[in-house]
Enquirer: 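This is the structure I have questions about; it appears just below.
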Amino acid sequence: MTEYERSRTMPAQPEQVFDQAANIGQLDTWLPRELHVEPEEPPAVTVHEDRTDQDTSALLSARPEQMRLEWGTREQGSYAGWLQVAGLDSGASEVTVHLSFFDDSHDPGRHAVADALDTSLRRLEEQVRMRTDNAAG
């Protein structure tokens with residue numbers, strides 16, 4: 001098993017960050033560009049990966065009371081992950097994403113995962129900024 005984790009501080013309230021991250025209709029705005037999530041009967045989703053051109057049955061559950069998203073593959077059990085939003089004293093938030101690959105054939109490698117996590121967290125921050133800027137103005 002291989003695990004990866006990245007965190008980023010975002011200048012917004014944790015509820016705002018979590019609401020944006022958990023919005024299933026807008027996951028494509030911050031997930032890696034090669035992943036596409038199609039909702040099914042909750043918590044079921046289908047994840048399409050452009051790199052392999054494959055669809056994978058997965059689960060995605062949001063726990064608003066914990067400000068946590070959890071996901072993973074259903075049948076294969078090849079990967080799982082979570083996103084946790086924590087409030088900071090300054091009114092900002094820290095977002096942590098953790099990925100676990102149980103099947104090495106699904107692990108794209110340390111550099112690819114680090115780049116994808118960093119890019120996804122940056123894109124999530126951009127979405128949160130656009131949302132809070134629009135709400136304020």
Side-chain angles (χ1 to χ4, degrees):
M1 180 172 80
T2 308
E3 297 187 272
Y4 302 96
E5 190 169 290
R6 282 286 202 267
S7 296
R8 185 177 183 102
T9 300
M10 299 186 187
Q13 294 294 320
E15 296 81 8
Q16 294 170 316
V17 175
F18 180 79
D19 287 349
Q20 183 65 43
N23 184 335
I24 198 161
Q26 294 188 354
L27 291 176
D28 282 357
T29 65
W30 67 270
L31 285 177
R33 295 188 196 283
E34 63 275 2
L35 294 179
H36 310 281
V37 177
E38 290 296 321
E40 295 177 18
E41 186 67 35
V45 295
T46 297
V47 179
H48 180 81
E49 186 177 354
D50 291 344
R51 181 176 59 94
T52 61
D53 196 33
Q54 291 185 322
D55 290 336
T56 303
S57 295
L59 299 172
L60 173 67
S61 63
R63 299 173 188 234
E65 70 283 356
Q66 297 174 351
M67 285 194 268
R68 184 177 179 92
L69 287 177
E70 296 177 349
W71 61 85
T73 52
R74 280 196 293 198
E75 285 88 29
Q76 313 90 321
S78 51
Y79 68 85
W82 50 262
L83 176 144
Q84 181 71 54
V85 180
L88 302 174
D89 288 340
S90 63
S93 302
E94 182 177 51
V95 181
T96 302
V97 178
H98 183 95
L99 295 176
S100 301
F101 291 92
F102 307 111
D103 178 347
D104 288 340
S105 69
H106 282 86
D107 182 354
R110 182 169 55 92
H111 293 296
V113 173
D115 287 346
L117 290 176
D118 289 339
T119 300
S120 292
L121 286 168
R122 181 182 47 74
R123 290 178 69 205
L124 177 58
E125 181 178 4
E126 289 169 4
Q127 292 300 311
V128 169
R129 281 184 193 270
M130 287 185 345
R131 184 176 175 193
T132 56
D133 288 351
N134 287 341

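Residues take their numbers from the sequence shown, with the count starting at 1. Keep in mind that the numbers below use all heavy atoms, side chains included, and drop hydrogens, waters and symmetry copies.
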Enquirer: Closest heavy-atom contact between S7 and T96?
Expert: OG-OG1, 2.8 Å
Enquirer: Could I get the full list of salt bridge (Lys or Arg N to Asp or Glu O under 4.0 Å) partners for D118, not counting sequence neighbours?
Expert: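 So D118 forms a salt bridge (Lys or Arg N to Asp or Glu O under 4.0 Å) with R6.
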Enquirer: In Å, rounded to the nearest 0.5 Å, how long is the span from CG of D19 to CD of Q26?
Expert: 11.0 Å
Enquirer: I need the T119 OG1 to L124 CG distance, nearest 0.5 Å.
Expert: 12.5 Å
Enquirer: What's the spacing between T29 OG1 and R131 CZ if we round to 0.5 Å?
Expert: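 Between T29 OG1 and R131 CZ, I get 10.5 Å after rounding to 0.5 Å.
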Enquirer: Among residues at least two apart in sequence or on other chains, which ones pass salt bridge (Lys or Arg N to Asp or Glu O under 4.0 Å) with R122?
Expert: E126
Enquirer: Please write out which residues are connected to M1 in a hydrophobic cluster, directly or through intermediates, given that two of Ile, Leu, Val, Met, Phe, Trp, Tyr count as joined at side-chain heavy-atom separations below 4.5 angstrom.
Expert: F102
Enquirer: Under 4.5 Å between side-chain heavy atoms, counting indirect links through other Ile/Leu/Val/Met/Phe/Trp/Tyr residues: same cluster for L59 and F101 or not?
Expert: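 Unlinked, L59 and F101 end up in two clusters.
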Enquirer: According to a hydrophobic-cluster definition based on side-chain heavy atoms being under 4.5 Å apart (Ile, Leu, Val, Met, Phe, Trp, Tyr only), do V128 and I24 belong together?
Expert: yes
Enquirer: Under the salt bridge (Lys or Arg N to Asp or Glu O under 4.0 Å) test, which residues partner E38, sequence neighbours left out?
Expert: none
Enquirer: Would you compute the distance between atom CZ of R8 and atom CG of L117 and round it to the nearest 0.5 angstrom?
Expert: 12.0 Å
Enquirer: Which residue pairs pass the ring pair (Phe, Tyr, Trp, His ring centres under 6.0 Å) test when at least one of the two sits in residues 22-55, sequence neighbours left out?
Expert: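 Sorted result for residues 22-55: empty, none.
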Enquirer: Is there a side-chain contact between V45 and E40, using heavy atoms and a 4.5 Å cut-off?
Expert: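 Result no, sub-4.5 Å side-chain heavy-atom pair not found.
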Enquirer: With a 4.5 Å limit on heavy-atom distance, are the side chains of L99 and W71 in contact?
Expert: yes
Enquirer: Output side-chain donor-acceptor pairs under 3.5 Å for residues 80-91, partner residues at least two apart or in another chain, one line each.
Expert:
{"from": "Q84", "atom 1": "OE1", "to": "R68", "atom 2": "NH1", "distance (Å)": "3.0"}
{"from": "Q84", "atom 1": "NE2", "to": "Q66", "atom 2": "O", "distance (Å)": "2.6"}
{"from": "Q84", "atom 1": "NE2", "to": "M67", "atom 2": "O", "distance (Å)": "3.2"}
{"from": "S90", "atom 1": "OG", "to": "A92", "atom 2": "N", "distance (Å)": "3.4"}

Enquirer: Between T73 (side chain) and S78 (backbone), is there a donor-acceptor pair under 3.5 Å?
Expert: yes
Enquirer: Are L27 and L60 close enough that some pair of their side-chain heavy atoms sits under 4.5 Å apart?
Expert: yes
Enquirer: Is there a side-chain contact between L69 and F18, using heavy atoms and a 4.5 Å cut-off?
Expert: yes
Enquirer: Is there side-chain contact between V95 and E125, with heavy atoms separated by less than 4.5 Å?
Expert: no
Enquirer: Quick check: does any side chain N or O of R129 sit under 3.5 Å from a backbone N or O of M10, one acting as donor and the other as acceptor?
Expert: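 No; zero donor-acceptor contacts below 3.5 Å.
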